[in-house]
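Below is one structure, written out as structure tokens; the observations come after it.
Throughout, protein chains are lettered first and strands after them, A, B, ... in sequence-line order, and every chain is numbered starting at 1.
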Protein chains: 2
Amino acid sequence: MVDQAAPVRRLRRAERREQILDAATRAFARHGFADTGLDDVAAEAELTRAMLYRHFESKADLYRAVLDRSCARLIETTGSGDYDDRAIPALVEAASGDPDGFRLLFRHAAREREFRDLTSFMAVASRELAHRNLARVIPAGPWLEWAADLIPVLTVEAVIAWLDAGQPDPGQAPERIAAAVQGVIDAARAPIRWPAE
Amino acid sequence: MVDQAAPVRRLRRAERREQILDAATRAFARHGFADTGLDDVAAEAELTRAMLYRHFESKADLYRAVLDRSCARLIETTGSGDYDDRAIPALVEAASGDPDGFRLLFRHAAREREFRDLTSFMAVASRELAHRNLARVIPAGPWLEWAADLIPVLTVEAVIAWLDAGQPDPGQAPERIAAAVQGVIDAARAPIRWPAE
DNA sequence: TCAGTTGTATACTCCGACGTCTAAAAATCT
DNA sequence: AGATTTTTAGACGTCGGAGTATACAACTGA
């Protein structure tokens, strides 16, 4: 008995490209570039490997396209401007709107040498932004550098942990994350531990 | 003219093995398992690739040995016991004593599928430890889960940021990191932002 | 001195994943 | 219906890095 004929949905070039990017984002978000084969991506997109090559030159090209799009979306909703009260809410909104892309960018792409050119500018920018703002409340010295390194990482990890927790209380999330950041700022100001209750 | 004959230092088996593990820890700590070739390891150890195979069966075997040793050292100094005031100081001491191994374990190995069996138990244990202790001060719910996820990550990242900052004030470091952790606990208790100064 | 060990140097095989190609099937458009 | 485009299915070529093999050189210790 022959299998029921597969539906085989056909899309126009641009749509198919987007659908491949969606699937590739999901696939790469699991284990990063090196540990994800094109077969994995093809399976996730429910396509043949050959199809991927009709839309992208190579595996690296596809990955760059994925990263570019996630990056563009991120900047689009965060504005990438100065730090203000909108910064953390915007980051939360961006993560909520594209969780796979968010995880991919910060958990994998940020540590992949070959593609650091696509992400390092964000890491540098957020570190410098943090440094500028912290310099007003933390005395210059190694603990200022420590906080400037740690706060961007903490912010991103706090957002990812919020995603992993099921995105509870979207309205409260930015305030809670900001409070966690404030904890690092306090810690960098003085080595006095909060009195035990 | 012939090159000056290389010194060619010779070591006994056990010593050479340790020296290879040291070099491999450094090499793998840079870009993880997949992105580090045996040539990189051999170069770091100033040996030929063939020598690596006289001490280890395969690349994966070598990597496991590296991870095992780093893991054992970590547990040896942290005790892996219940959480108390010694936990964070012990972690700081462990990181200080083996910075490459510390970074390798938490920045790379923790995300490598093939070797998660060697690291997942630590991630699980620290998450559960955090969860048990937090459950006494944070009401059950998604924000408890959020904090239990975030605090182990924050702690490790705070230690790495401290390493990156040049290990300043080793005596103060544990207190400052504990203060940062306290910030997350406060954030998880209530969504009230600290009053702006 | 001689045996055993530690090391170099280099060429080689093997394998998996990337990337290419072709022929034919099926959906869409006019 | 016929032309066009999308897609499949799978074989094939290619290449880098893991892993193997061999011959030889040099240090060490009894």
Side-chain angles (χ1 to χ4, degrees), chain A residues 1-25 27-28 30-67 108 112-115, chain B residues 1-24 27-28 30-67 108-109 112-115:
Chain A
M1 187 181 195
V2 175
D3 283 350
Q4 183 111 2
V8 182
R9 215 170 291 158
R10 303 185 56 174
L11 301 175
R12 285 221 203 35
R13 250 190 99 74
E15 303 170 67
R16 178 62 77 191
R17 188 186 151 96
E18 289 302 302
Q19 185 245 335
I20 291 175
L21 287 175
D22 291 341
T25 302
F28 284 127
R30 285 198 281 273
H31 303 112
F33 181 75
D35 287 346
T36 304
L38 286 182
D39 287 319
D40 299 316
V41 176
E44 181 71 36
E46 297 182 295
L47 283 176
T48 355
R49 236 177 43 254
M51 275 306 298
L52 302 180
Y53 285 98
R54 300 222 174 185
H55 292 268
F56 301 94
E57 299 256 333
S58 67
K59 185 188 179 188
D61 182 48
L62 168 58
Y63 195 62
R64 295 191 108 87
V66 167
L67 260 38
H108 295 289
E112 285 158 351
R113 176 145 99 294
E114 185 178 355
F115 306 97
Chain B
M1 186 182 194
V2 175
D3 282 350
Q4 184 113 1
V8 182
R9 215 170 290 159
R10 303 185 54 172
L11 301 175
R12 286 215 197 49
R13 247 190 102 74
E15 304 171 66
R16 178 62 77 190
R17 188 187 150 94
E18 289 301 302
Q19 185 246 337
I20 290 175
L21 287 175
D22 290 341
F28 284 127
R30 285 198 282 273
H31 303 112
F33 181 75
D35 288 346
T36 304
L38 285 181
D39 287 319
D40 299 316
V41 177
E44 181 71 35
E46 296 182 296
L47 282 175
T48 24
R49 238 177 44 252
M51 275 306 297
L52 301 180
Y53 284 98
R54 298 219 182 165
H55 291 266
F56 302 93
E57 299 256 333
S58 66
K59 185 188 179 188
D61 182 47
L62 168 58
Y63 194 62
R64 294 192 108 86
V66 167
L67 259 37
H108 295 288
E112 284 159 351
R113 175 142 101 294
E114 185 177 354
F115 306 97

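In this structure, E15(A) atom CD and dT6(D) atom C1' are separated by 12 Å, rounded to whole Å. Rounded to whole angstrom, the span from the CZ atom of R12(B) across to the P atom of dG4(C) amounts to 18 Å. Taking atom CZ of residue R54(B) and atom P of nucleotide dT22(D), one finds them 13 Å apart after rounding to whole Å. Between L62(A) atom CG and dA17(C) atom P there is a gap of 17 Å when expressed in whole angstrom units. Note: CE (M51(B)) to P (dA21(D)) measures 17 Å, nearest angstrom. For the pair L38(A) CG and dT20(C) P, the interatomic distance rounds to 11 Å; values are reported in whole Å. Taking atom CG on D39(B) and atom P on dA18(D), their separation rounds to 7 Å, with Å as the unit. In this structure, the CZ atom of R17(B) is 18 Å from the P atom of dT5(C), given to the nearest Å.
When the nucleotides dT8(C), dC18(C), dT8(D) are ranked by their closest atom to the side chain of T48(B), dT8(C) comes out on top. When distances are taken from the side chain of K59(B) to each of dC18(C), dT6(C), dA18(D), the shortest belongs to dA18(D). The side chain of Y53(A) sits closest to dG19(C) out of dG19(D), dG19(C), dT8(D). Considering only side-chain atoms of S58(B), the nucleotide from dG19(D), dT6(C), dT7(D) that sits closest is dG19(D).
Comparing G37(A) and L47(B), the nucleotide of DNA chain C nearest to each residue sits closer to the 5' end for L47(B). When each of T36(A) and E46(B) is assigned the nucleotide of DNA chain C with its nearest heavy atom, E46(B) is the one assigned upstream, toward the 5' end.
The side chain of R49(B) contributes no N or O atom lying less than 4.0 Å from OP1 or OP2 of dA9(C). Contact check, R16(A) against dT5(D): no side-chain N or O comes under 4.0 Å of OP1 or OP2.
Residue E15(B) qualifies as enclosed at atom CD: its count of foreign heavy atoms under 6.0 Å is above 12.
Between the side chain of E112(B) and the backbone N or O of F33(B), at least one donor-acceptor pair lies under 3.5 Å.
Nearest heavy atoms, D35(B) versus D40(B): O-OD2, 4.4 Å. Minimum heavy-atom separation, A23(A) to E44(A): O-CG, 3.4 Å.
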Could you walk me through whether Q19(A) and R16(A) pass side-chain contact (heavy atoms from CB on, under 4.5 Å), step by step?
CA-CA 5 Å; Q19(A) 185 245 335; R16(A) 178 62 77 191; 2.4 Å; yes
